Amino acid sequence: MTDSLPMRSDHCGTLSVADIDRRVAVCGWVARRREHGEHLAFIDLRDHTGLIQCVVDGAHVLRSEFVVRITGVVRARPEGTVNPNLGTGAVELGECEVEILNIAEPPPFQLDERVEVDEMVRLAHRYVDLRTDRMQRNLRIRSKVNASLRRAMDDQGFVEIETPMLIASTPEGARDFVVPSRLTPGSFYALPQSPQLFKQLCMVGGIDRYYQIARCLRDEDLRADRQFEFMQLDTEASFVTQEEVLAFISVAVAAAVREVTGQELPEVPRMTWHEAQERFGSDKPDTRFGMELIELTPVFANTEFNAFKASCVKGIRVPGGAEFTRSRLDDLTERAKRWGAKGLVWMRVRAEGELDSPVAKFLSPEELAGLVATTESVEGDLILLVADERHAVCHVLGLLRLELGRPPVTDGGLQFLWVVDFPLFEALDDNNNPIPAHHPFTMPHAEDVELLDSGDPRDLLKVRSQAYDLVLNGWELGSGSVRIHRGDIQKRMFSLLGIEAEEAQEKFGFLLDAFRFGAPPHAGFAFGIDRLVALLAGEENIREVIAFPKTQSGHDPLTHAPSTIDAAQLEELGLRVLPPKKD
RNA sequence: GGUCCCGUGGUGCAGUUUGGAGUGCACGCCGGCCUGUCAAGCCGGAGGUCGCGGGUUCAAAUCCCGUCGGGACCGCCA
């Protein structure tokens with residue numbers, strides 16, 4: 001550095017005609033070089049802002065991904081050489097002096113976006129992968145989302161509080177990650193699945209409005225939308241109702257959407273859990289497309305067809321699906337069976353409402369006509385029908401609907417949805433004890449409280465809770481509830497769940513104790529930031545918006561975690577490792 | 001725990017159905033030529049345990065069995 005400029009005076013992607021005649025210093029990586037003999041070469045220099053073409057006198061010593069500092073004068077490109085595909089395409093850097101700050105081996109894969117490189121290769125060299133436009137863009141979107149969420153919560157009077165990462169394990173919910181205690185051998189901390197209990201303690205502590213961008217950990221199988229560790233905007237507020245929670249979360253989400261897209265989020269529509277199940281066969285409906293579940297039970301109420309003598313018959317209409325080949329239909333039938341259906345009935349709609357189906361001959365003319373009328377089918381459609389218990393029918397058709405109709409992640413815009421009035425219990429176990437749909441601190445709906453004492457276990461399944469989910473394009477972004485803040489209701493709940501007082505005290509004693517010392521009414525919500533960012537970035541997979549994610553089997557190809565630890569570490573922790581299982 | 005898909009020079013693919021010499025394409029890499037390119041161009045070159053192991057066969061990238069790795073989904077994720 002022999003010139004008077006700083007190491008870097010400008011960023012590559014920001015130079016424009018406004019900078020013409022300025023002498024600048026830019027730093028970055030060699031993205032591409034184009035040599036034209038001994039005395040002319042073009043270097044595309046890249047930093048996080050973009051590319052700038054540098055005209056240099058011979059580039060034979062420069063290679064891809066070398067780290068260089070180039071000083072030069074910004075000038076307009078000669079006529080006819082402007083590149084409209086490049087942000088800085090109207091200018092270039094001339095009279096260049098090149099300083100090699102570091103050499104680099106050829107990258108293990110190509111950094112341009114023309115080919116989709118195998119994700120293992122990318123993850124094994126994530127530090128190179130992060131240089132791509134895609135990862136730069138995604139991580140910067142993520143940073144903006146975090147900042148806008150913080151601002152939105154601060155502006156609404158929320159206090160950011162950090163809760164511990166090393167906590168007591170509770171047996172409920174997901175599988176815990178555990179950490180052995182050195183000072184208390186044989187004892188373990190758990191890493192938090194969420195700050196749930198601590199944020200409720202904050203409410204007892206008079207914090208009034210709490211939030212945290214919190215890391216949560218769950219040792220469950222990974223998916224496109226699930227990693228072991230993930231980030232949530234976690235919130236809780238005192239002296240509020242469900243309405244106020246939906247409102248302040250909507251403000252935060254709208255702030256993130258505005259920050260990334262520049263668009264104002266319209267008011268988020270609502271749907272009851274029951275309606276979501278009936279119309280979409282899911283508690284997280286993807287409302288970007290139709291193909292809704294159609295109620296057909298009345299059409300087949302008096303049917304002679306054995307397969308339709310069920311408590312529920314529903315169908316979906318697949319526009320244009322009459323073209324499906326027999327093998328495609330067989331494949332769908334197989335899938336439906338794997339998802340729990342007894343079978344799948346398909347009908348191709350021909351001209352004038354005639355139905356082409358192996359089972360058409362078992363149905364009466366009235367039933368066939370009713371089917372066409374109710375589904376509003378037209379020639380060329382395919383009707384898929386499932387008959388079974390209501391829950392199974394909705395579940396299978398909901399999955400079929402997604403399989404056949406779900407648009408690509410970048411299509412259909414951002415369709416947010418509040419799903420409200422979740423049931424308090426999702427089913428009864430073998431002892432007729434209800435299984436909670438949410439956690440056991442969820443407040444039942446005020447109008448349904450009397451059902452808790454009816455004595456009929458089936459009535460329990462009708463009890464709605466003050467629990468609500470936020471859904472975006474068919475992904476569950478997050479969920480929340482109004483909590484039980486009174487000891488007497490909480491005891492009643494534990495008793496319904498078949499949890500003895502002693503057991504409750506052992507598992508949640510500190511929370512129950514706290515509730516004896518003046519717990520305010522409170523409610524909260526938490527939603528997954530990885531999922532929100534992925535959908536805002538147009539990514540199918542949250543790994544694309546996480547700097548250093550893990551593979552589906554929980555491995556990190558970069559650091560090779562998880563790894564063994566040496567005998568001395570085990571000894572110190574009082575641990576012994578069993579030999580691997582040989583099935 | 002289960003179902004399905006994928007694995008071929010550094011990268012992305014084709015080749016596998018119907019077995020016949022590691023065959024092909026594009027990018028990248030190395031060398032040469034080239035004074036306005038921008039996915040530069042032209043010429044030349046190097047680079048392979050066809051994931052791994054076993055089987056069938058005169059012969060296996062190709063067929064069979066097993067296994068490892070990756071991915072999508074069901075279960076699971078209060």
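Order of the sequence lines fixes the chain letters, A, B, ..., with proteins taken first and strands second; residue numbering starts at 1 for each chain. Being a predicted model, the structure only gives us computed values, none of them experimental.
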Check the angle between the aromatic planes of A/W418 and A/F525 and answer parallel, tilted or perpendicular using the 30° and 60° thresholds.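 It falls in the perpendicular class, over 60°.
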
Indicate the ring-plane relationship of A/F42 and A/H36, choosing parallel, tilted or perpendicular according to the 30° and 60° boundaries.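 The arrangement is perpendicular - the two ring planes meet at more than 60°.
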
Atom-to-atom span, [atom1] of [X] to [atom2] of [N] - whole angstrom:
X: A/E105; N: B/rC30; atom1: CD; atom2: C1'; result: 15 Å
X: A/L86; N: B/rG36; atom1: CG; atom2: C1'; result: 15 Å
X: A/L217; N: B/rC77; atom1: CG; atom2: C1'; result: 13 Å
X: A/R122; N: B/rG71; atom1: CZ; atom2: P; result: 12 Å
X: A/D57; N: B/rU37; atom1: CG; atom2: P; result: 18 Å
X: A/I43; N: B/rU35; atom1: CD1; atom2: P; result: 17 Å
X: A/L332; N: B/rC73; atom1: CG; atom2: C1'; result: 14 Å

If each of A/L40 and A/E220 is mapped to the nucleotide of RNA chain B with the nearest heavy atom, which maps nearer the 5' terminus, i.e. the 5' end?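 The 5'-side residue here is A/L40.
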
Between A/K550 and A/T81, which is nearer to the 5' end of RNA chain B once each is assigned its nearest nucleotide? A/T81

B/rC77 base to A/R226 side chain: any donor-acceptor pair below 3.5 Å? yes

For B/rC34, does the base pair up with any side-chain atom of A/R34 as donor and acceptor (N or O, under 3.5 Å, distance only)?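 Side chain to base: no pair below 3.5 Å.
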
Between A/D129 and A/R134, is the salt bridge (Lys or Arg N to Asp or Glu O under 4.0 Å) condition met? List the steps. CA-CA 9 Å; A/D129 189 48; A/R134 179 188 196 175; over 6 Å; no

Touch class at under 4.0 angstrom, heavy-atom based, for [X] against every strand present:
X: A/R75; answer: base
X: A/E92; answer: base
X: A/P78; answer: base

Would you say [X] reaches [N]'s phosphate, i.e. side-chain N/O to OP1/OP2 under 4.0 Å?
X: A/S553; N: B/rG70; value: yes
X: A/T551; N: B/rG70; value: yes
X: A/H395; N: B/rG75; value: yes
X: A/R175; N: B/rA78; value: no
X: A/N83; N: B/rG36; value: no
X: A/Q552; N: B/rA72; value: yes

Nucleotide opposite [N] in a Watson-Crick or G-U pair, distances under 3.5 Å:
N: B/rC76; value: none
N: B/rG48; value: none
N: B/rC4; value: B/rG71
N: B/rG24; value: B/rC13
N: B/rU37; value: none
N: B/rU18; value: none

A/Q232 side chain to A/S194 side chain, donor-acceptor N/O pair below 3.5 angstrom: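 No, no side-chain donor-acceptor pair sits under 3.5 Å.
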
Verify whether one side chain among A/E539 and A/N138 offers a donor that lies under 3.5 Å from an acceptor in the other. yes

Verify, without hydrogens or angle tests, whether A/D556 (side chain) and A/A561 (backbone) share a donor-acceptor contact under 3.5 angstrom. no

Using a 4.0 Å cut-off on protein heavy atoms (strictly under), produce a 5'-to-3' string for nucleotides 1-14 of chain B with B for base contact, S for backbone-only sugar-phosphate contact, and - for none. B-S------BBS--

Between [M] and [N] - [atom1] atom distance, rounded Å:
N: B/rG15; M: B/rG20; atom1: C1'; answer: 14 Å
N: B/rA78; M: B/rC5; atom1: P; answer: 31 Å
N: B/rG22; M: B/rU11; atom1: P; answer: 22 Å

Looking at side-chain heavy atoms only, is the closest gap between A/R33 and A/V56 below 4.5 Å?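 A/R33 vs A/V56: side chains apart.
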
Sub-3.5 Å pairs of nitrogen or oxygen atoms, protein against nucleotides 31-33 of chain B:
| from | atom 1 | to | atom 2 | distance (Å) |
| --- | --- | --- | --- | --- |
| B/rG31 | OP2 | A/R63 | NH2 | 3.0 |

Residue A/I103 excluded, over 12 heavy atoms near CD1 under 6.0 Å: no

Is a salt bridge present between [X] and [Y], judged by a nitrogen-to-oxygen distance below 4.0 Å?
X: A/D44; Y: A/R34; value: yes
X: A/E389; Y: A/K342; value: no
X: A/R75; Y: A/E95; value: no

Using side chain to side chain donor-acceptor pair (under 3.5 Å) as the criterion, list what pairs up with A/R335, not counting sequence neighbours. A/D331, A/E403

